[in-house]
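Model, not experiment: these values are computed from the prediction.
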Amino acid sequence: MVVTFKVTSGEQGEWAVLQVSGELDLVTSPVLRQRVHDVVAEGHHALVLDLSEVFFCDSSGVGVLIAARRLIRSCQGRLRLVLPARGAADGSHVNRVLGALGVRRLFDVYGDVEAALGDEGEPLSA
């Protein structure tokens, strides 16, 4: 089985949205890192990372998420992650990894893109 890593981008109002699918690992994480940098360089400081279709994430992927958080914060921007309780086959692997490493609390996490884009929605608890 060939796994394709893909990052697609879009805009919804003030938010840039990057939809990520596949494995977020040592090989693919530099791609996401570059896309985040490109979005910020284009002047977007409100970013939603939709990770609902990521079914594997290793430490390099977590490192990219933490680096993205640091970059967005340095611009006084906002970063929101979409990590549904059940996404990408059998449950959000990224959600479990972030929780196991104790870094999930660093992120504003939402169950879907619509909730992440809304101003009235509260993030899911850690």
Taking all atoms of both residues into account, what is the closest heavy-atom pair of V36 and L71, and its distance? CG1-CD2, 4.1 Å
Mind checking whether L83 and F107 have side chains closer than 4.5 Å, heavy atoms only? no
Student check: side-chain heavy atoms of V40 and C75 closer than 4.5 Å: yes
Quick one: does L18's side chain get under 4.5 Å of D50's, heavy atoms only? no
Using side-chain heavy atoms (C-beta onward) and a distance below 4.5 Å, is V48 in contact with L117? yes
Distance check, rounded to the nearest 0.5 Å: R96 atom CZ versus L101 atom CG? 12.5 Å
With heavy-atom distances below 4.5 Å as the criterion, would you say the side chains of V20 and K6 are in contact? no
What's the shortest heavy-atom distance between G99 and R104, and which atoms? N-CB, 4.0 Å
Distance from L98 atom CG to L106 atom CG, nearest 0.5 Å? 9.0 Å
Under the criterion side-chain contact (heavy atoms from CB on, under 4.5 Å), I'd like the reasoning laid out for F5 against L24: C-alpha separation, chi angles, the key distance, then a yes or no. CA-CA 8 Å; F5 177 78; L24 186 54; 4.1 Å; yes
V27, V31: one ILVMFWY side-chain cluster at the under-4.5 Å cut-off? no
Closest non-hydrogen atom pair, R80 against G118: NH1-O, 3.1 Å
Can you list the residues that meet the side chain to side chain donor-acceptor pair (under 3.5 Å) rule with Q34, with sequence neighbours excluded? D38
Shortest non-hydrogen contact from I72 to L79? CG2-N, 3.8 Å
List for me each residue that meets side chain to side chain donor-acceptor pair (under 3.5 Å) alongside H45, sequence neighbours excluded, and say none if there are none. none
Quick one: are H44 and E11 in side-chain contact, heavy atoms under 4.5 Å? yes
Give a yes or no answer on whether the side chain of T28 reaches the backbone of E23 with a donor-acceptor pair at less than 3.5 Å. yes
Quick one, R78 and L47 - any side-chain contact, counting heavy atoms below 4.5 Å? no
Can you give each donor-acceptor pair under 3.5 Å made by side-chain atoms of residues 57-65, sequence neighbours left out, with the distance rounded to 0.1 Å?
| unit_1 | atom_1 | unit_2 | atom_2 | d |
| --- | --- | --- | --- | --- |
| D58 | OD1 | S60 | N | 3.0 |
| D58 | OD1 | S60 | OG | 2.5 |
| D58 | OD1 | G61 | N | 3.2 |
| D58 | OD2 | L26 | N | 3.3 |
| S60 | OG | D25 | O | 3.4 |
| S60 | OG | L26 | N | 2.9 |

